[in-house]
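Taking it in order: structure first as structure tokens, then the write-up.
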2 protein chains.
Amino acid sequence: MRSATERTEAEERDATPREGADVDRILETLVYLYTESRRVTKEVARQHGLTGPQVTAIKVLENFGALSLTDLSARMSATNSTMTGIADRMERDGLVERIRSETDRRVVQIALTEKGRALAAQIPVASMALFADALRSLDEGDRRDLTRILRRLTDKVTELVGTNGD
Amino acid sequence: MRSATERTEAEERDATPREGADVDRILETLVYLYTESRRVTKEVARQHGLTGPQVTAIKVLENFGALSLTDLSARMSATNSTMTGIADRMERDGLVERIRSETDRRVVQIALTEKGRALAAQIPVASMALFADALRSLDEGDRRDLTRILRRLTDKVTELVGTNGD
DNA sequence: TGACGAAGTTTCGTGTGCGGAATATCCGCG
DNA sequence: CGCGGATATTCCGCACACGAAACTTCGTCA
């Protein structure tokens, strides 16, 4: 597979390439980084008998305590129907339990079991460990720049989509 | 191989709140941007009766001509087994056809049909349109910074994973 | 020639991931 | 109280997405 930062001959020749050439390159690089990170995360998770999203879930629950299914979905950038399946399998494996809220019986609290808590304590990183390592290797200035740029991107995306969360 | 996660001890000694706080924030933002973009891309694709990966596939095939399944997989950052399923559904819908290579009968060339080519011509963007729009809204300096930072991240990731050069 | 390892693709099992429909519950309003 | 809209979760069908195993074909080497 091509390194994501390589240049094609057409771009080298052209002084001012197409408008979106750098945009395409940035996208390609981000997709590469993201998918590669997910792949490695999955690999690490498997060493604990878990999947990627399951690791994310138990670390979120470890940090925030029991959450409703909707809140947990929001934290993981997943839909409720996706989260239902993840919770099902984690419940099947004895990692979490569903607790009906007594104040609002529509709500299901997802809580770690003892087994789940013990497992969470063994896993040092939340998710995307590879990406996180790479980010840590950046110097302070780069991280500040990246944070600034991502904030602008988020604002733009929020504006385009109209919805938001958190 | 020595892992880069050994710097957690340095973090604990550090007086500042927590070294990884901004890293976590950056990761969270990237995940948000990526998943949101994928969601919107899927939505756009559906208006043409396609899925997200299918749009990516026909635009890649439009640009590069018929590709072997392995080459197409690499272009899309997917595994061969994933690509097989995507090709199956696209073949079922008459968008592509499989052509056995005559020089190497192990190889299957994936080629656009007339219908597929016509559809590809109607779709202006390759993928991740939302993300691309947001990137275009950045000024020149930000894009240059982002490109530089992403190159460093890619180099670091490649170093951590091990070079799987093309 | 025949063994044999490598390469390309498919198959299989499992786990996301999404939108839409169905269900249950809550709440405000009359 | 009862109605109707809003909210929380689940169920359904489909499309990725991955690793491991199976299968075919290729190239080589003895």
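Because the structure is a prediction, the values reported are computed rather than measured. Letters A, B, ... are given to chains in the order of the sequence lines, protein chains preceding strands, and every chain is numbered from 1.
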**Request:** Between C:dT10, D:dT9, D:dA15, spot the one nearest the side chain of A:L69, thanks.
**Result:** D:dT9

**Prompt:** Given that A:E102 and A:R38 both sit by DNA chain C, which one's nearest nucleotide is further toward the 5' end?
**Reply:** A:R38

**Request:** Would you give the length of the straight line joining atom CG of B:L50 to atom NZ of B:K42, rounded to the nearest 0.5 angstrom?
**Result:** 13.0 Å

**Asked** Within the structure, does a side-chain N or O atom of B:S81 lie under 4.0 Å from either OP1 or OP2 of D:dC18?
**Response** no

**Asked** Would you say a side-chain N or O of B:T51 is under 4.0 Å from OP1 or OP2 of D:dA15?
**Response** no

**Request:** Report yes if the side chains of A:T158 and B:Y32 come closer than 4.5 Å at any heavy-atom pair, otherwise no.
**Result:** yes

**Prompt:** What are the two closest heavy atoms between A:T113 and A:V96, and how far apart are they?
**Reply:** CG2-C, 3.6 Å

**Item:** Closest listed nucleotide, where the reference is the side chain of A:R105 and the choices are C:dC18, D:dC16, C:dC26
**Value:** C:dC26

**Message:** Taking only side-chain N and O atoms of A:R46, does any of them lie within less than 4.0 angstrom of OP1 or OP2 on D:dA20?
**Reply:** yes

**Prompt:** Is there a donor and acceptor pair, one atom on the side chain of A:R106 and one on the base of D:dT7, closer than 3.5 Å?
**Reply:** yes

**Asked** Would you say A:T82 reaches C:dG17's phosphate, i.e. side-chain N/O to OP1/OP2 under 4.0 Å?
**Response** no

**Prompt:** Where the side chain of B:D104 is defined as all heavy atoms beyond and including C-beta, which of D:dC26, D:dT9, C:dT11 is the nearest nucleotide?
**Reply:** D:dC26

**Request:** Assign each of A:R39 and A:D88 to its nearest nucleotide of DNA chain D by heavy atoms, then name whichever residue's nucleotide is nearer the 5' end.
**Result:** A:D88

**Asked** From the list D:dA8, C:dT9, C:dC18, which nucleotide is the closest neighbour of the side chain of B:T70?
**Response** C:dT9

**N or O in side chain of A:R92 less than 4.0 angstrom from C:dG15 OP1/OP2** = yes

**Message:** Without decimals, in angstroms, what is the distance between A:R100 CZ and C:dC26 P?
**Reply:** 10 Å

**Request:** Rounded to the nearest angstrom, tell me the gap between atom CE in A:M76 and atom C1' in C:dG17.
**Result:** 11 Å

**Message:** Quiz question: by atom type and distance under 3.5 Å, do the side chains of B:T103 and B:S101 form a donor-acceptor pair?
**Reply:** yes

**Fill in**
Among D:dA17, D:dA8, D:dT10, the one nearest any side-chain atom of A:T84 is D:dT10

